[in-house]
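This structure is a prediction, so every number in the text was calculated from the model and none was measured. Note that ligands are numbered from 1 as they come in the structure, with each ligand's atoms numbered from 1 the same way.
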Amino acid sequence: MKWTVLENPDAVASTARDRIVQASKLAIAARGEFHIVLAGGNTPARTYALLAMASCDWEHWHVWFGDERCLPIDHPDRNSFMADKTLFSKVGIPASQIHVIPAEAGPAKAAKQYAALLEGVPPFDMVLLGMGEDGHTASLFPGQAHISGKTVLPIFDAPKLPAQRVSLSAEILGQCRQLLFLITGKDKAVAVSRWQQGELLPVAMMNSIGNSEVVIDRQALPGKSD
Ligand code: 6PG
């Protein structure tokens, strides 16, 4: 895992934007399309807003989601809502290539439907992930047993509300050429420290078949927040 430490969240967002643009150009040149899994939460919003101003071959992009909250499709707390507001509404990715998790159907039904959609898709070209203050990533939370062998998991008891979610599994999230964690802010420093000390947190379970990088600001490093 490569750690790239930057001064602040804006630097993290612009570095992530650069990594994504570069990955998209390489994938489209090599295979004619770019498959990316988006991270949810708030951190990636800056990156998606910068991405929306980049010059990319959007018509060759295929977008997936690492997880989704089981809320109505137009709920502002949905990861798809944030991605649409910051990115999809501003660029020309064909709607048929934006694969939103149908989480409004509930965890079990949505997980089944999304797993079917993902048949034959990985490896992804890029997977973006965030990290919660407890070391969770996507909707994989510490101390929760996750059914192995499944690509998409129904989550019924997430400690970060809403409790009902849908999450890609660690196995399928690792099926990617490039894995990029985006982590900012002092409230993540404790989880980063636990991760760096070897605790088997969900973030530590992510190993890509390609390369993996953490793009992080100084505030999120243990002992660095002023
Ligand atoms: C979610 C996210 C989650 C997120 C982390 C960090 O649906 O909640 O997928 O895994 O990435 O909780 O969230 P912030 O970026 O808002 O700190």
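In terms of protein heavy atoms, atom 6 (C) of ligand 1 is closest to Met131 O, 3.4 Å. Lys160 NZ, 3.4 Å is the protein heavy atom nearest to atom 13 (O) of ligand 1. Scanning the protein heavy atoms around atom 15 (O) of ligand 1, the nearest turns out to be Thr43 OG1, 2.6 Å. Shortest contact from atom 5 (C) of ligand 1 to any protein heavy atom: His136 NE2, 3.4 Å. From the protein, the heavy atom lying nearest to atom 17 (O) of ligand 1 is Lys188 NZ, 2.7 Å. For atom 16 (O) of ligand 1, the nearest non-hydrogen atom of the protein is Asn42 N, 2.8 Å.
Enclosure of atom CD in Glu199 by more than 12 non-hydrogen atoms of other residues, nucleotides or ligands within 6.0 angstrom is indicated.
Heavy atoms only, all atoms of each residue included: His75 and Phe81 are closest at O-CB, 3.3 Å. Across Ala138 and Gly66, no two heavy atoms sit closer than the pair CB-O, 3.9 Å. The two atoms that bring Val100 and Tyr114 nearest to each other are O-CE1, 3.7 Å, heavy atoms only. Here the shortest heavy-atom pairing between Val203 and Gly130 reads CG1-O, 4.5 Å. Looking at every heavy atom in both residues, Gly32 comes nearest to His60 through O-ND1, 3.3 Å.
Atoms of ligand 1 found under 4.0 Å from any heavy atom of Arg165 (numbered from 1 in listed order, with element): 1 (C), 7 (O), 8 (O). Of all atoms in ligand 1, listed by their number and element, those nearer than 4.0 Å to a heavy atom of Gly130 are 11 (O). Every atom of ligand 1 is numbered from 1 in the order shown, and the set under 4.0 Å from a heavy atom of Arg69 is 1 (C), 7 (O), 8 (O).
Considering each of Pro202, Gly41, Ala138, the one bringing a non-hydrogen atom nearest atom 10 (O) of ligand 1 is Ala138.
Using the six-membered ring where Trp is involved, Phe88 and Phe65 have ring planes that are perpendicular, over 60° apart on the 30 and 60° scheme.
Cluster annotation: Met205 and Leu168 are assigned to distinct hydrophobic clusters (Ile/Leu/Val/Met/Phe/Trp/Tyr, side-chain heavy-atom contacts under 4.5 Å, transitive).
If you look at Asp67 next to ligand 1, the close heavy atoms, those under 4.0 Å, all belong to the side chain. At a heavy-atom distance under 4.0 Å, only side-chain atoms of Asn79, from C-beta outward, approach ligand 1.
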